[in-house]
Q: 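Mind looking over this structure? Questions follow.
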2 protein chains.
Amino acid sequence: MRSDDLDLLRELPLFQGISDAGFRELTQAAFLQRFPAQVTLINEGEHPDFLHVVLEGLVEMFARDRQRETVLTIVQPVSTFILAAVITDEIYLKSARTLVASRILMLPAASVRKVFAEEPAFARAIVGELGFRYREVVRELKNQKLRSGAERLAAWLLGQREIADGAREITIPFEKRVLASLLGMTPENLSRAFATLAAYDVTTSGRRIVIGDPAALWKLVQPSQFIDEWKNGE
Amino acid sequence: MRSDDLDLLRELPLFQGISDAGFRELTQAAFLQRFPAQVTLINEGEHPDFLHVVLEGLVEMFARDRQRETVLTIVQPVSTFILAAVITDEIYLKSARTLVASRILMLPAASVRKVFAEEPAFARAIVGELGFRYREVVRELKNQKLRSGAERLAAWLLGQREIADGAREITIPFEKRVLASLLGMTPENLSRAFATLAAYDVTTSGRRIVIGDPAALWKLVQPSQFIDEWKNGE
DNA sequence: TCGGGGACTTGATCGAGATCAATTTTTTCT
DNA sequence: AGAAAAAATTGATCTCGATCAAGTCCCCGA
């Protein structure tokens, strides 16, 4: 494993404040793996053996029930996923698959639980992480229950714009079918939602989107810091 | 405060393992309050001053966005709510209101954070609680995205039946409008969903529901331990 | 016990979203 | 570059859920 990968890891909020010994315990039995796109990393129902960290690439968390499937979140570097399952030692509730070629670091679940038990600083960091994740899901549930499809799309676009520092043009980093599922709609309806937003000066060309009039979208969804994590205050 | 209320509190998983001194710190500045039905306890957007514990009654967690409102969870005794906001010291993402007359214990947020910082056992207990809550919300998100309205109702009925230890008849402990919102539908559609389930031998009379043929409902939703918390294995 | 008002139900209509089918565009592979 | 495969779009239709409007039931208070 490259030492700058370890540095990346060390800088995550989750690993701040733990001792060097604890960090070594976590990483010594860890291993780094490269995966091509479309590889399933974990399956819902399995027992967690590793805490995964996306160092590079993109990972999609999804779930299935009968014939239906839905995307729950997209994990971007650098962050961990399935921490809750690892720490509570319960089966996964989500499956994970790479969307593009990715580098994934895998920390043995047993080590994570060991350091968790021994180092109060790690336990406290995990509280911070879980608290944040919990609030993320609550926001997403509100997004789903309180907004229409077109509104969810508009909110997502404004969020991406925020991340891109207010850029006029943004690019969807994955297939539109994935975005559709993430937003809780079919690909067909995503197309129509884009068509609806044309009236708000949103123009598309493949994965690239130009937001000509952010204020119009803003008025449509009225983003709220109680739903949209990216929106703080004004 | 009655001492048996303290006992109730002490028995919660969240407070296991912390020192008597820590427990005293938490409870000495706490106070107990009785509220009639339909009282708003907290509002989304406010800063958390207390960790709330429902000792008796029923509390509804809900959220608003523009004109729309949705019920997110129902909190039953004995359990805490809004722990995540208290521990991360961030604004509430949900509002809370009593559904019936309730007794609520309020622990000062500052004390909670103090004991959290000082007692590793408390920090670890909070990890367990947050991990569990996180998984609850993920399940609910999957429930919403992967099931139809009638299926969500059927799953809810089967869950209540499980809680009631397989009883043929169950009683909705709150108004049907609340259940409708919790399940993500309108009161009108809940009525129709019940009408649909009549074909599966579900009969209603006010808030009392008789589930004549659980196997039929089972076949309809195919409950999954990946969505329905009450369903473990077979 | 008798209103009165809210909760619930039912019917009719409307709109959003899903599905099916066909076509166009884009990507990928040789 | 060209062919094949996959993704995206578009149109038509259908289903589910929302809304509007009565009407009924039930609970609560005077």
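Every chain is numbered from 1, with letters handed out A, B, ... down the list of sequences. This structure is a prediction, so every number in the text was calculated from the model and none was measured.
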Q: Among B:Leu105, B:Ile104, B:Leu83, whose side chain to side chain contact (heavy atoms under 4.5 Å, CB included) with B:His52 holds?
A: B:Ile104
Q: I need the CD-C1' distance between A:Gln38 and C:dT27, as an integer number of Å.
A: 14 Å
Q: Which one of A:Lys142, A:Arg139, A:Arg147, A:Arg135 satisfies the salt bridge (Lys or Arg N to Asp or Glu O under 4.0 Å) criterion with A:Asp228?
A: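 By the salt bridge (Lys or Arg N to Asp or Glu O under 4.0 Å) criterion, A:Asp228 pairs with just one of A:Lys142, A:Arg139, A:Arg147, A:Arg135: A:Arg147.
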Q: Whole Å only: how far is the CD atom of B:Glu69 from the C1' atom of D:dA18?
A: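 Distance, rounded to whole Å: 17 Å.
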Q: Which atoms form the tightest heavy-atom contact between B:Glu69 and B:Ser181, and what is the distance?
A: O-OG, 4.0 Å
Q: Note the angle between the end axes of the helix from C:dT1-D:dA30 to C:dT30-D:dA1, five pairs defining each, rounded to 10 degrees.
A: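 It works out to 50° between the end axes.
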Q: Provide, to the nearest angstrom, the distance between the CD atom belonging to A:Glu151 and the P atom belonging to D:dA18.
A: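 Going from A:Glu151 (CD) to D:dA18 (P), I get 14 Å.
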Q: Distances for protein N/O vs nucleotides 28-30 of chain D N/O pairs under 3.5 angstrom?
A:
none

Q: Are A:Glu162 and A:Lys231 ion-paired here, with the side-chain N under 4.0 Å from a carboxylate O?
A: no
Q: Do any side-chain nitrogens or oxygens of A:Lys176 fall under 4.0 Å of OP1 or OP2 in C:dT26?
A: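 So the side chain of A:Lys176 is outside the cut-off, no N or O lying under 4.0 Å from OP1 or OP2 of C:dT26.
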Q: If I take atom CG in residue A:Leu153 and atom P in nucleotide D:dT9, what distance separates them, rounded to the nearest angstrom?
A: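 It works out to 11 Å between those atoms.
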Q: Can a donor-acceptor pair be found, under 3.5 Å and without considering hydrogens, that links the side chain of A:Glu44 to the backbone of A:Arg64?
A: yes
Q: Would you confirm whether B:Arg68, through its side chain, and A:Leu146, through its main-chain N or O, come within 3.5 Å as a donor-acceptor pair?
A: yes
Q: Mark yes or no: A:Lys94 above the aromatic ring of A:Phe81, with NZ or CZ under 6.0 Å from the six-membered ring centre and no more than 45 degrees from the axis.
A: no
Q: Please confirm whether the backbone N or O of B:Val39 pairs with a side-chain atom of B:Thr98, one donor and one acceptor, at under 3.5 Å?
A: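 Looks like yes, one N/O pair under 3.5 Å.
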Q: Could you check how far CZ of B:Arg68 sits from C1' of C:dA16, rounded to whole Å?
A: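 So the two atoms are 12 Å apart, to the nearest Å.
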Q: For the pair A:Arg161 (side chain) and A:Ile211 (backbone), establish whether a donor and an acceptor sit closer than 3.5 Å, ignoring hydrogens and angles.
A: no
Q: A:Ile172 CD1 to C:dT27 P: how many Å, rounded?
A: 12 Å
Q: B:Arg66 CZ to D:dA18 C1': how many Å, rounded?
A: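 Going from CZ in B:Arg66 over to C1' in D:dA18 covers 16 Å.
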Q: Are any side-chain N or O atoms of A:Arg103 and backbone N or O atoms of A:Glu56, one a donor and one an acceptor, separated by less than 3.5 Å?
A: no
Q: Separation of A:Glu175 atom CD from D:dT9 atom C1', in whole Å?
A: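 Interatomic distance, CD of A:Glu175 to C1' of D:dT9: 15 Å.
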Q: What parts of residues 183-198 of chain B reach DNA chain C, counting only heavy atoms under 4.0 Å away?
A: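 The answer is B:Glu188, B:Ser191, B:Arg192.
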Q: Check this for me: A:Arg208, atom CZ, are more than 12 non-hydrogen atoms of other residues, nucleotides or ligands nearer than 6.0 Å?
A: no
